[in-house]
Amino acid sequence: MAGAGAVPGEMTHQTLGPAGIVSHDTAPQSGIGDAPAGSTRTGLLAAGTLRVLSRLSASDIPSYIESHRAALDAMLVNPPRASDVAALWKLIDPRKQEALVKAAPHVIGNLEGIPYAVRGRANVRDLKQTMAETRENLSNESGKAERLTMKRTLDTLQNITKALARHDGVRRTLIGLDASSDARAAIVIGDLSRAHFISYLVPGMYMSVDEQIVDWAKVGQELYDSQTDWLRRLLGPRGSQATPGVATVAWIGYQTPELMNIGGLDLATQGANNLERSLEGLQSIRQNDPPYVSVFAHSYGSTAALLALQRHSVTIDALALLGSPGSDAQSVAQLSVRDGNVFVGQAPMDPIVHSAFFGSDPGAATYGAQKMGVAGGVDPITEKTLAGSSGHNEYFATGSESMRNLALIGIDMGELVMGGASAGSPTATTASGGSNRIEGSKH
């Protein structure tokens, strides 16, 4: 099951079987029973395939999967709702769950709604299997072009393996893996199933898995470490008792553009779709214990995040846009961000800011976002000197004002952001004092 394949042809109703596990009174008469109303036909077929898998015995799962690879790949192209997957997974006994992980690791590892620890195990299994298969194929391949493709795939998988290595004992979990030519991956630093504060890092152009996943995971680690340090500092003596957990997601969940395809929105739409699904998956897993969720998006990735949040299908708690070319949303009010909690960072010499290339300028005063400083300065709380960001690609630099501010935004302490003011107004030079909302928040 290494690598997601193309969309297959339609499966037959006989393959899918009858009714499912969740009742939807308005479901269409599609031969798939109680599939979600409003789903696409491919989505309905995927839901049916999932239900069939849930009914098979553990011993029958491997042979079924071997015979229905295309149908399983289709589940990742047009997946069932994460909430339905989560509900169904809970009804599958542990022995059968383990059989599914072993027989279809690529599907289980990438299906939103399945617990993150399970997905992590499945994706590591898929990673190792794909590496072994690629090495074997490479040893038997004589064609130059084919060998180059295989070597690139192997390099990508090795870089993902390197990015998964623990740092300072903090767990890393691979919750997304696609080793195809336009590779995708998502690595969690921390525990996504328990963290009180969760931050997604969404990259812009030229951020490919094969070349940047190690560095992107490093940014996620630095953000994790900074957020943890700030929580301990702000909690004081209470910090030694029970510091709220954090998790960061180094997310390269879409094909980021290059110079030749940066002008259109096709890839941003792909990114929006996949980010939306990721957030829906988190919502389904944490519905009884919702965390504080932030999205930090750079450049073209900010456009993808804006497109996702304009749909109002998921709501997050904070959004930071860095070097953003905008979207067709004209104000914070048009985004699914609680309390309009949107920040904009704009570095000097960044040619993208104020371009409104995709329809709006998040840095304009009329947009309604809060400004976060990125130019550097002295931290008024720690008295440390912070580096400034310049141009389009220094927003995630180690020890920068930008990273300091992102860390605070991600733990619901936006009032301590340096340079905090309405975008378009003069930048403040110090952080304002603020009440500690870490304890007693709605999360």
Please give me the minimum heavy-atom distance between [X] and [Y], naming the atom from each residue.
X	Y	answer
G176	N110	CA-OD1, 3.4 Å
S294	G410	OG-CA, 3.5 Å
A185	I213	CB-CD1, 4.3 Å
D412	Y292	OD1-OH, 3.3 Å
L111	P80	CD1-CD, 4.2 Å
G109	N123	O-ND2, 2.8 Å

How long is the gap from [atom1] on [X] to [atom2] on [Y], to the nearest 0.5 Å?
X	Y	atom1	atom2	answer
H354	S324	NE2	OG	11.0 Å
D229	R404	CG	CZ	13.0 Å
I187	I160	CD1	CD1	7.0 Å
L53	L72	CG	CG	5.5 Å
L321	S299	CG	OG	11.5 Å
E112	L282	CD	CG	8.5 Å

Are [X] and [Y] packed together at the side-chain level, in the sense that at least one heavy-atom pair is separated by less than 4.5 angstrom?
X	Y	value
N405	K371	no
R171	R166	yes
V417	Q370	no
R233	I381	yes
F358	L306	no
M150	T153	no
Q270	L267	yes
E401	S389	no

Step by step, would you call I285 with W89 a side-chain contact (heavy atoms from CB on, under 4.5 Å)?
CA-CA 11 Å; I285 294 292; W89 186 259; over 6 Å; no

Where the side chain of [X] meets the backbone of [Y], is there a donor-acceptor pair that is under 3.5 Å apart?
X	Y	value
E280	V314	no
S302	A297	no
D168	V170	no
R152	D210	no
Y254	P203	yes
S54	R51	yes
S355	P325	no
R311	S336	no
T173	G120	no
T161	L157	yes

side-chain contact (heavy atoms from CB on, under 4.5 Å) between L408 and W230: does it pass, once the steps are laid out?
CA-CA 7 Å; L408 287 165; W230 274 111; 3.7 Å; yes

Aromatic plane relationship, Y64 with H68 - under 30° parallel, 30 to 60° tilted, over 60° perpendicular
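Geometry flag for Y64 against H68: parallel rings.
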
Indicate the ring-plane relationship of H392 and H298, choosing parallel, tilted or perpendicular according to the 30° and 60° boundaries.
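Geometry flag for H298 against H392: tilted rings.
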
Got more than 12 heavy atoms from elsewhere within 6.0 Å of CD, E258?
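No, CD of E258 has 12 or fewer neighbouring heavy atoms, counting only those of other groups under 6.0 Å.
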
Which is it for R147 and L138 under the side-chain contact (heavy atoms from CB on, under 4.5 Å) test, yes or no, and what are the steps along the way?
CA-CA 6 Å; R147 287 182 61 82; L138 184 60; 3.8 Å; yes

Out of D73, T130, D178, D126, which one pairs with H106 under the side-chain hydrogen bond (donor to acceptor under 3.5 Å, both in side chains) rule?
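Of the listed residues D73, T130, D178, D126, the side-chain hydrogen bond (donor to acceptor under 3.5 Å, both in side chains) partner of H106 is D126.
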
Identify the residue among I175, V295, N274 that makes a side chain to side chain contact (heavy atoms under 4.5 Å, CB included) with W251.
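The passing option is N274.
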
What I want to check is whether the side chains of [X] and [Y] have a donor and an acceptor closer together than 3.5 Å.
X	Y	answer
D350	Y395	yes
S400	E394	no
E136	N140	no

May I ask you to say whether E98 pairs ionically with R121, meaning some side-chain N is under 4.0 Å from a carboxylate O?
yes

Check the pair F396, L322 against side-chain contact (heavy atoms from CB on, under 4.5 Å), reporting the backbone distance first and the verdict last.
CA-CA 10 Å; F396 300 104; L322 305 165; 3.6 Å; yes

Would you please test R338 and D317 for salt bridge (Lys or Arg N to Asp or Glu O under 4.0 Å) and show each step?
CA-CA 5 Å; R338 290 188 179 90; D317 297 286; 2.9 Å; yes

